[in-house]
Amino acid sequence: MARWGMVIDLDRCTGCQACVVACQVENNVPPAGSRDAARGRAISWLRLVPLDGGREGHGTRPALRLVPLPCQHCDLPPCTRVCPVFATQKDEEGFVAQVYPRCIGCRYCTTACPYTVREFNWRRPEWPAPMERSLSPDVSVRPRGVVEKCTFCHHRLQLARDQARVEGRQLREQDYVPACVQTCPADAMAFGDLDDPRTTVARLARSPRAFRLLEDLGTEPKVIYLSKGEWGA
Amino acid sequence: MLSRRRFLGFTAGAAAGAALGGVAGAGLRTLFASAESPIVPPRGPERVVLSVCDLCPGGCGVRVRVIGDRAVRLEGNPLHPVSGGRLCPRGQAALQALYHPDRAEGPLRRRGPRGDLSSFERATWDEALGEIGARLAEIRAGGRPEAVVLVTGGGGAGLGPRVARRFLSAYGSPNDVALHRGDDAAAIALLLAQGVRAAPALDLQSADYVLSLGSALLEAWSAPVHATRAYGEFRRGRTGRRGKLVHVEPRLSITAASADEWIAVRPGTEGVFALGVAAAIVGEGLHAKPFVAERVAGLEEDRDAAGRTRPGLRSVLARRYRLEQVEAETGVPGDVILRVAREFASAGASLAIGPRKGPLLPGRLFDHLAAGVLNALVGAVDAPGGVLVADDPPLPPWPALPGGVSAAGRARPKLDGAGPDQPLLASDPERLAEAIRAGTPYRAEALLLVDADPAFASAAPETFAAAVQKVPLVVSFTAIPDDTALLADWILPASHFLERADLHTTPAGVPYPLVSLARPALLRPVRDARPTAEVFLELARRIAPDLAAALPWKDLDALLRWEMEGLHAARRGAVMGTAFDEAFVRMMEGAGWWAPGYRTPAELWTRAHESGGWWDPFYDHGDWRRVLRTASGKVELRGDLLDLAPAAPERDGALALLLFEPLPIAGGTGAELPFLQAILDPGHEAHWETWAEIHPETAARLGVSDRDWIRVESPRSSIVARARLTARVVPDAVAVPVGLGKRGGGRWASGIGANPLRLLAPARDPLCGLPDFGATRVRVARARPPDGSA
Amino acid sequence: MLDLERQDEEPLLAPIMHSGRGFWLLAACAGLLGFAGLAAWLVQLRRGLSVTGLNVPVYWGLYITHFVFFIGISHAGTLVSAILRLSNAEWRRPITRAAEVITVLVLFFGMGCILLDLGRPDRALFVLRHANLRSPLLWDVISVTTYLAASTIYLYLPLIPDVALLRDRLPRRRWLYRPLAVGWTGTPRQRRILHRAISVMAVLVIPIAVSVHTVVSWVFAMTVQPMWHSTIFGPYFVVGAIFSGIAAIILAMAIVRRAYRLEEYLKPIHFNNLGLLLLVMALLWFYFTFAEFLTTYYGAEPSHMAVFLSKTEGRFAGEFWTMIVACFVVPVALLARRRTRSTVWGTVVAALSVEIGMWLERFLIVVPSLSVPRLPMEAAPYAPSWVEWSLFTAFLAVFILLYAVFTKLFPIVSIWEVREGRERSVADVARRVKSYLPGRETVP
Ligand SMILES: Nc1nc2c(c(=O)[nH]1)N[C@H]1C(S)=C(S)[C@@H](COP(=O)(O)OP(=O)(O)OC[C@H]3O[C@@H](n4cnc5c(=O)[nH]c(N)nc54)[C@H](O)[C@@H]3O)O[C@H]1N2
Ligand SMILES: Nc1nc2c(c(=O)[nH]1)N[C@H]1C(S)=C(S)[C@@H](COP(=O)(O)OP(=O)(O)OC[C@H]3O[C@@H](n4cnc5c(=O)[nH]c(N)nc54)[C@H](O)[C@@H]3O)O[C@H]1N2
Ligand code: SF4
Ligand code: SF4
Ligand code: SF4
Ligand code: SF4
Ligand code: SF4
């Protein structure tokens, strides 16, 4: 069974945020207005967080480090444990999934996630006409009152599996690529089966530059970052 | 024993309870039915259409997923050499522009006062073109074709602006004015150094060391996706070879944040820093001596054609850019300058990049020339990892321009004085605005705006707003009515790129000739909009036969076929293909063969449409006759110009105004789309407002705290912005993003933020006459919040 | 003898026999506030939680604060009364019922807060249908429901003899009292059974009560969030709960005493004794708070320190230091001295201060940990909206109203227990005290 994971190379990433918008478009995230944004209600499954890069000055590294932050699809997710109704669960392939029709909107998972990547539908999502015509048929639109988050574009796996089945072949590495990974102009993101040593992600994950966020919490994230720097793979 | 009465009572009670519960349950259910958005899924056959994004001049090839009559997803076309299957955030948000609720429904005619969308009423295309065509025909018949002015903006490189400009020339007006583009200063620098009028193309992915002199390389670059892809390769695409990026700027921009090193200079001294580095390189004799000896002129003292002696750059560097001097002016320690000089001179392939800061902010010519000096010194001219010059795609010439009234009109002086008065400039829009306002040397009777919003995005928005009101007929070709459109007489809705066929030529900064093709993804436009090119073809037919003969195509498809047939006749290049195809074409052409993969024009037409277009990936390095077209046939180092470093500002207590263009709203467009408003500054969640970055020390001196509202005031105007205290900007400066503060632009842009371009002093770059976007000094004080914000 | 038997009935039944203008005025005001809350709730149902001040990352705010606050107060009654009963504290007799009613009523409001907080209250029953027993929220559901059931029984049992009295005295309301009195006639056998049942319930209810607030704390402590993930949260919450609960009893007693002129029954000595308990709890609370903050400070884990500093000197410093003053300085100053403690106003002021302080404490537990997430994000500070506030005032108002209605239906001071005290306890206590003293037992 595959263990899907993502590698983000911070040495390539420019902070362009194409991934951020690609995710919103791919997953039918509703547009927010200035009011929503000012009140911290704009939904985004992927954000760039500024991490402290130390001091600045001449001959030192810049103080701003931008880190793209999707759900880490933790192997030991603190979020699923607390859900009272099994509306969020880790499945056999390691996806931390979210079941919208089951979620009661208690937002316990959101408070339990140490990465703060879970979003809540504070109001009913709306698309002023004719914007609803741009919605993708592959992803359900969430109702008001439930939690949502990055799914690793799970629907793309399902579509790729169907396609492979139709064509009577095995799933190939390039068949299943999340929207953010696909659009990244710097090619800073890779995605695939971490347990298959031949995949790009597995190779990159072995890099000496590899690290994971908040590793000491023991959540075992499946998003692996590669730090900036000279040496290593 | 349960009595009958009690039983009945019990039953009735239970029934009432159940009914009540039922009502409550039904109520809850109705309430929560409203939790779901009523979405009708798309229906119909599914197909994939290739198109070209024109939300910026980058012209990325895209694939559109269409279901029935809806476009539901956009992704990069993997065969397209610019996008390579990737898209920037703007391209990703393109469907929000297609389905924007505030796109003009159809042609709009102004009936009430200017500046208000409610003054406009719907008209048919026939009415619009009839009325506008009649008026233009009248002006031409009156022998004053020069009185018609066309202003084009910095949008895509598609057919719309090209046809509009051809239309204007054929009509008989010299007043073809392009708003300034971000590449202008770099292109002028290339013209002075190499005699080529083109934006430089950077071979970033082959470079080892990049010295970015305040450039927005990783933000709103000429073709952002192309540049970012190259950057990824530069960093980690080559095993065992990682490019190093050093960024010099008074502000920790997004590019600076990605760099290995950020060198904070005083505002406006990037060029001085570069020349300090050049002085150290020359002083230590680290420059590429064979290259300099063979291909570079002007380092040593010499005589020009007229026999006068010219001082060599070497002496200028030694006199004017000594280490202590540069240290004092830039604020950068001398050992850092020395170190950078040694690194730059000794890294494999080094490349210096001038301060192009975005589609609206070209940077100063002086700084671009200084970058050019560094490149010349290390031989980064037309070499792998250096500055390249793209060849134009071999498209066929268009039918000749008419004579008669048309030729006479074209011979009249341009209103903007570019050419005779400003030899380095092709257009001078600010001067145009003044001329229109003053009505001299002659009156403008019609103003056509194509992808141009100068009342918002130019160096003099207010002057333009005033000028527009002087013109009796103003026509704006735009999709979502912008600031200038609100002042116009007619708004002619331009189609979205997914609603039309199109042909894009090489975007600035891409080193190989290419022609990208777009098919309409939607067969019927979402609104009653038309492709601008077709509108001009139609106007030509309506106005006069000689004009129609110069633009003889029935529609876009006919024009596209003409172009592709000419391209076929050129007998070079290939249809876009995979990396393998690309390598094959390169190898063959390198060996002198042509391996196009198509034979007939029809085959080229089909295959180019299947792949995304045509290109010629073979770059012939060292074709000096093509890339060095100066009198000397060498790279000219202009010691004379570089002696004139911009004077340091007086110590008047004012702050330097640093403008920057966040990629999502660069070029004055993008704020219309909510997904782009939300990502103005990565790492910050609160957007939808104009912010001003101030160093904490400066802020403390001014009594300003984080998130205070402040007034930024220049001699010309003032804006209100939210203070952000950050060490990302040097003291004694304030950095403000450009792209917000629109009056038009629909619900998500209108009234959001403030436009700092209004603050600009009317200063000119002394070396070339472009507006000097870096010369404005401002004062900052706490202010009351702007209307409508918390 | 007859007089002695009847002497308590007049004043204690008076509120049931007639209601003055005051009651109706109160009912009108409280009803109005209640309806305002209902309107606010309908608005929230219609427009979702967007009408609150909540945001990302402050996903939880006033509703959860009030959940903890109300559940905390619920410890007043049942737990305190059970402890006093089991320890044979004779002075408890006039106050137990007033305390127990608080528990039963306030638990509903605590559970109501959770319902308010749900994004999808229409799916609330999913917690039964799809119960995930690993979720601390489910532990809450179980323990709060158990507590509610136990407390209701525990309130009801000692009510039976008084209900029987009312059944006999108020024929017009026999429809209510007769079924509730379950045939009580006061036979020795009935008395024996009742005493036994009350004792059993008192023993049962204590661990349940302790578990309730422990589990409430675990909702927070079982996450890895800074300043939530703490081993002392269980006892800390229990102490806080009893603390705010006792304060609530004092306030309720003072109001009842004043409104129904029960100065004869609720005497300064009762306030003094409860005041002493409150003082002990204030010291305990401070001890836990101190321990919690000191360990955080010495551990100095950055993410924990961020929350710590936001409380002690950052965005929440005002609330934090007010809490310290209100929960510790004021009550200790007032209650440590006999002069102020033995007066009604002294304990009432201390109790009021404790309620305010404990409200702040709950708020400071819920909100700051969420406001300073581990990975930096720029977020608007949380400011509760009018909907959240009006639902809070509605809950308070309706609680007060229901409490008042209870006093109109049942004696708020247990008549039979007071009487029992008069008849038997004085002698009992005298015997008991004698048994502690040196010397031989005197055979009666
Ligand atoms: N680009 C660049 N290259 C340089 C230099 C430079 O400045 N820049 N500096 C040069 C200089 S001056 C030096 S000294 C060299 C240093 O080069 P190296 O000798 O390669 O030094 P380190 O990188 O410190 O790696 C030493 C290894 O020893 C391991 N190690 C640590 N402690 C122990 C131990 O107790 N026992 C054992 N067996 N292993 C241990 C570490 O994990 C590490 O893998 O690099 C030289 N190369
Ligand atoms: N954090 C950390 N600290 C370390 C080490 C580490 O791995 N990590 N490694 C340790 C080891 S093994 C070593 S050897 C030391 C090295 O420590 P240092 O000796 O400090 O070595 P560098 O920083 O490489 O170079 C010192 C200075 O010499 C200058 N320099 C270069 N060439 C010349 C020259 O020709 N003439 C003169 N006068 N100056 C020149 C450089 O610009 C630089 O400023 O660091 C030690 N300290
Ligand atoms: S798209 Fe790629 S380069 Fe851009 S922010 Fe995302 S990860 Fe970084
Ligand atoms: S990142 Fe957060 S939401 Fe995602 S699996 Fe981990 S804990 Fe759960
Ligand atoms: S908000 Fe939904 S997914 Fe999260 S814990 Fe509650 S029920 Fe589970
Ligand atoms: S994997 Fe898919 S859902 Fe997750 S951040 Fe990327 S695009 Fe969004
Ligand atoms: S870079 Fe320009 S052309 Fe390419 S996707 Fe972005 S906006 Fe479109």
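Residue numbering restarts at 1 for every chain, and letters A, B, ... go by the order of the sequence lines.
Contact of the Pro137(A) side chain with the Val72(B) side chain is registered, since non-hydrogen atoms from C-beta on lie closer than 4.5 Å. With contacts defined as side-chain heavy-atom distances shorter than 4.5 Å, the pair Arg747(B)/Pro128(A) qualifies. Counting heavy atoms from C-beta on, the side chains of Tyr231(B) and Cys16(A) never come closer than 4.5 Å. With a 4.5 Å cut-off on side-chain heavy atoms, Pro130(A) and Arg527(B) count as touching. Between Gln24(A) and Gln92(B), the closest side-chain pair of non-hydrogen atoms is not below 4.5 Å.
For the pair Lys228(A) (side chain) and Ser258(B) (backbone), a donor-acceptor distance under 3.5 Å is present. Distance alone, capped at 3.5 Å, places no donor-acceptor pair between the Arg229(B) side chain and the Cys184(A) backbone.
The residues Arg86(B) and Asp187(A) are annotated as salt-bridged, a charged nitrogen and a carboxylate oxygen being separated by less than 4.0 angstrom. At a threshold of 4.0 Å, the pair Asp11(A)-Arg242(B) counts as salt-bridged, since one of the basic side-chain nitrogens sits closer than that to a carboxylate oxygen.
Taking each heavy atom of Arg236(B) and Asp9(A) in turn, the nearest pair found is CD-OD2, 3.1 Å. Between Trp748(B) and Ala32(A), the closest heavy-atom pair is NE1-O, 4.0 Å.
Of the inter-residue distances, the one linking Glu132(A) atom CD with Tyr99(B) atom OH reads 9.0 Å to the nearest 0.5 angstrom. Atom-to-atom distance recorded for Leu98(B):CG and Met131(A):CE is 9.5 Å, nearest 0.5 angstrom. Of the inter-residue distances, the one linking Leu48(A) atom CG with Ile254(B) atom CD1 reads 8.5 Å to the nearest 0.5 angstrom. How far CD1 of Ile67(B) is from CZ of Arg133(A): 12.0 Å, rounded to the nearest 0.5 Å.
With a 6.0 Å radius and a threshold of 12 heavy atoms from other residues, nucleotides or ligands, Arg43(B) has its CZ atom at or below the threshold. For Arg524(B), the CZ atom sits in a loose shell: 12 or fewer heavy atoms of surrounding residues, nucleotides or ligands are nearer than 6.0 Å. For Arg241(B), the CZ atom counts as densely surrounded, since its 6.0 Å shell holds more than 12 non-hydrogen atoms of other residues, nucleotides or ligands.
At a 4.5 Å heavy-atom cutoff, Val177(A) makes no contact with chain B through either its backbone or its side chain. Of the atoms belonging to Asp69(B), heavy atoms from both backbone and side chain fall under 4.5 Å from chain A. For chain A, the nearby parts of Ala93(B) are the backbone and the side chain; heavy atoms of each come within less than 4.5 Å. Neither the backbone nor the side chain of Gln677(B) comes within contact range of chain A, judged by heavy atoms closer than 4.5 Å. For a residue to count as touching a neighbouring chain, one of its non-hydrogen atoms must lie under 4.5 Å from one of that chain's; by this rule Cys13(A) touches chain B with the backbone only. The part of Val20(A) that comes within reach of chain B is its side chain, from C-beta onward, which places non-hydrogen atoms under 4.5 angstrom from that chain. For Leu66(A), the part sitting under 4.5 Å from any heavy atom of chain B is the side chain, from C-beta outward, and nothing else. For chain A, no part of Pro41(B) is nearby; none of its heavy atoms comes within less than 4.5 Å. In this structure, the portion of Asp138(A) lying under 4.5 Å from any heavy atom of chain B is its side chain and not its backbone. Glu219(B) does not touch chain A: none of its heavy atoms, backbone or side chain, sits under 4.5 Å away. There is no contact between Arg103(B) and chain A, counting heavy-atom distances below 4.5 Å. For chain B, no part of Pro68(A) is nearby; none of its heavy atoms comes within less than 4.5 Å. In this structure, chain B has no heavy atom under 4.5 Å from any part of Ala188(A). Looking at Pro224(B), there are no atoms closer than 4.5 Å to chain A (heavy atoms on both sides), in backbone or side chain.
Contact tally against chain A (heavy-atom pairs below 4.5 Å) for Pro101(B), Pro674(B), Ala227(B): the top residue is Pro101(B). Considering only heavy-atom pairs separated by less than 4.5 Å from chain B, the leading option among Arg124(A), Glu126(A), Arg142(A) is Arg124(A). Contacts with chain B were tallied for Gly40(A), Ala186(A), Pro185(A), Pro143(A); Pro185(A) has the most, counting heavy-atom pairs under 4.5 Å. With chain B as partner, the option from Val141(A), Leu10(A), Val25(A), Leu69(A) having the largest number of non-hydrogen pairs under 4.5 angstrom is Val25(A). Note on Arg73(B), Arg235(B), Arg65(B): by heavy-atom pairs under 4.5 Å with chain A, the leading option is Arg73(B). Across Ile39(B), Leu95(B), Leu663(B), Val225(B), the residue that shares the most heavy-atom pairs under 4.5 angstrom with chain A is Ile39(B).
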